[in-house]
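In what follows, a single structure is set out as structure tokens and then discussed.
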Amino acid sequence: MYAYPHKTAYRPLEPRPALREVWAGEPLDNLFLYLHIPFCEMRCGFCNLFTRTGAPEDLVAAYLDALERQARAVRDALDGPRFVTAAIGGGTPTYLSAGELTRMFDLTERIMGADLRAVPLSVETSPATATADRLAVLAERGTTRISIGVQSFIDAEARAAVRPQKRAEVEAALGRIRETGFEALNIDLIYGIDGQTEESWRYSLDAALEWKPEEIYLYPLYVRPLTGLGRRARDWDDHRLGLYRHGRDHLLAAGYEQVSMRMFRLPGTGGATEYCCQSDGMVGLGCGARSYTSGLHYSYEYAVGAGQVRAIIDDYVRLAPEEFAVANVGFRLDSGERRRRHLIQSLLQAEGLDPAAYRERFGTGVTDDFGEELERLAERGWLEPPAAGSGVAEGNGRGRSGHGAGAVRLRLTPEGLAHSDAIGPALFSGRARELMAAYETR
């Protein structure tokens, strides 16, 4: 669960609406800017991201040309946007050379008018591409958070996940990141790798903790269609859940706080942002990026298979400027879908959902709208029971964010957070589930 609805619920929009119409009347003062770079040096066995490997230099140049055309079209459709946070993901953005990264930053700031040095900016990297010259560009252009996919500090486990890397390479990359001096380092680790034990999992956790990262993400290994591991699927659920609990408890004991099922953070290190994922919009640039408005989520075609991804990227780099001025595929959100998205995006965070903010936004109580779903979670022991006399059903907390004395939130229990990836889809609407079920995997 990363977002609702999933991209497999998107469908071609007919007629394709003009971006100027899509964004008309939308609040533009707290936007998220996301850039997607769909290139990697290798395709990991667990990966179902929209990315391709081995992109030649001329394709990267053509992609940046297309990104510039898209940025111009998108900026023309927005009336005075204000970006309060930004991220560059992929793929692996640092697949680009230092010079290509400089061009990417230049076109983004010049055309979109985003001051990336003044807002939180996160960039993803990998051990092989976190070179000193690339990191220097990221630091000079205002990057505050670096996220590196390590997955395992044990070479044999990395090979089992079809990510052939050496620990020495990982340690060298982490050293360069720390030497460059970014505000926050995030290390991604994966549990459930074939052959991984509780002892080997703890070894990787401790190896990560030696670097005192501000954030650690723990990802379960999922066997997904059309990925390398998907061709040798097996049932790891019980084993993975045990490893998750061990990793969670180990990080909590080390002083980290749990932000979501996946995210653990050192207290006091989270960068403040005005962006609210439940209600604020996102502007995505790149062929795999999504954009969010209150009534429409849109992107380009989605695929996982290498051949299909290459074809979509090849089409993207040939698009004429006017083709970037419309939304192509997407999902329209009525009032019920907006309520459902707010519930899912809030409940899957450790801080939970603020009923007062929900009522303020929608004019109804969350238990009025989703009482049956919440009751089922409570019956399983996955939802904390409200305190007696709390008035959760009436939503009488305080303020937009529920801060202040007496604020009451709906929160998952620790075991509920452990089952986030079951709870999220269970809360999908029937319409979203039907669209996802009918999607042809490619």
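Because the structure is predicted, anything quoted here is derived from the model rather than measured.
- For the atom pair CG of L343 and CG of L410, the computed distance is 8.5 Å after rounding to the nearest 0.5 Å.
- To the nearest 0.5 Å, the span separating CD1 on I344 from CD on E337 amounts to 8.5 Å.
- Between the OH atom of Y300 and the CD atom of E323 there is a distance of 8.5 Å, given to the nearest 0.5 Å.
- Of the candidates M261, R262, Q349, M261 is the only one forming a side chain to side chain contact (heavy atoms under 4.5 Å, CB included) with S420.
- Judged as a salt bridge (Lys or Arg N to Asp or Glu O under 4.0 Å), and not counting sequence neighbours, D188 has no contacts.
- Note: I216 CD1 to Q258 CD = 12.5 Å, rounded to the nearest 0.5 Å.
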Could you go through the ring-ring contact (aromatic ring centres under 6.0 Å, His included) check for F32 and Y275 one step at a time? CA-CA 7 Å; F32 189 129; Y275 181 75; 5.3 Å; yes
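- A salt bridge links E257 with R265; the closest basic N to acidic carboxylate O contact falls under 4.0 Å.
- With rounding to the nearest 0.5 angstrom, the CD1 atom of I88 is 10.0 Å from the CD atom of E124.
- Checked against side chain to side chain contact (heavy atoms under 4.5 Å, CB included), A139 has the following partners two or more places apart in sequence or in another chain: T180, F182.
- Using a 4.0 Å cut-off between charged nitrogen and carboxylate oxygen, E375 and R380 do not count as a salt-bridge pair.
- Here R339 pairs with D369 in a salt bridge; the nearest charged N to carboxylate O distance falls below 4.0 Å.
- Side-chain atoms of S299 come within 3.5 Å of backbone atoms of A289 as a donor-acceptor pair (strictly under, hydrogens ignored).
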For a side-chain contact (heavy atoms from CB on, under 4.5 Å) check, start with the C-alpha distance between S335 and F362, then their side-chain angles and the critical distance, and finish with the verdict. CA-CA 8 Å; S335 61; F362 298 112; over 6 Å; no
The test is side-chain contact (heavy atoms from CB on, under 4.5 Å); show your working for Y217 and I187 and say whether it passes. CA-CA 6 Å; Y217 271 67; I187 295 177; over 6 Å; no
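- Within the 4.5 Å cutoff, side-chain heavy atoms of R103 are placed close to those of D65.
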Test L31 against D280 for side-chain contact (heavy atoms from CB on, under 4.5 Å), laying out the working first. CA-CA 6 Å; L31 294 176; D280 293 332; 6.0 Å; no
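- Between E214 and R145 there is no salt bridge, since no side-chain N of the basic residue sits under 4.0 Å from a carboxylate O of the acidic one.
- Between F428 and Y4, the ring planes are tilted. Angles from 30° to 60° get that label.
- Checked for salt-bridge contact, E100 and R134 miss the test: no charged N lies under 4.0 Å from a carboxylate O.
- Side-chain contact between W23 and V283: present, with at least one pair of heavy atoms (C-beta onward) separated by less than 4.5 Å.
- Screening R240, H246, H239 for a side chain to side chain contact (heavy atoms under 4.5 Å, CB included) involving L243 leaves a single residue, H239.
- Classified by interplanar angle (parallel below 30°, tilted 30° to 60°, perpendicular above 60°), the ring pair Y95/F39 is tilted.
- Atom CG of L383 is separated from atom CD of E379 by 11.0 Å, given to the nearest 0.5 angstrom.
- Remark: D106 engages T102, R110, R141 in a side chain to side chain contact (heavy atoms under 4.5 Å, CB included) (not counting sequence neighbours).
- Residues V123 and L101 fail the side-chain proximity criterion, which asks for heavy atoms closer than 4.5 Å.
- In this structure, R341 is positioned above the aromatic face of Y292, its NZ or CZ under 6.0 Å from the six-membered ring centre and within 45° of the axis.
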Apply side chain to side chain donor-acceptor pair (under 3.5 Å) to H297 and R290, showing your working. CA-CA 7 Å; H297 291 190; R290 314 181 206 210; over 6 Å; no
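- Taking E373 as the reference, R340 meet the salt bridge (Lys or Arg N to Asp or Glu O under 4.0 Å) condition, with sequence neighbours excluded.
- Judged by distance alone, with hydrogens and angles left aside, the side-chain atoms of T144 form a donor-acceptor pair with the main-chain N or O of L121 at under 3.5 Å.
- Evaluation of the salt bridge (Lys or Arg N to Asp or Glu O under 4.0 Å) rule for R376 yields no partner, not counting sequence neighbours.
- Residues meeting the salt bridge (Lys or Arg N to Asp or Glu O under 4.0 Å) test with R69, sequence neighbours left out: none.
- The pair E384-R409 fails the salt-bridge criterion, with no side-chain N (NZ, NE, NH1 or NH2) lying under 4.0 Å from an Asp/Glu carboxylate O.
- A tilted orientation is assigned to the rings of W201 and Y191, their planes being inclined by 30° to 60°.
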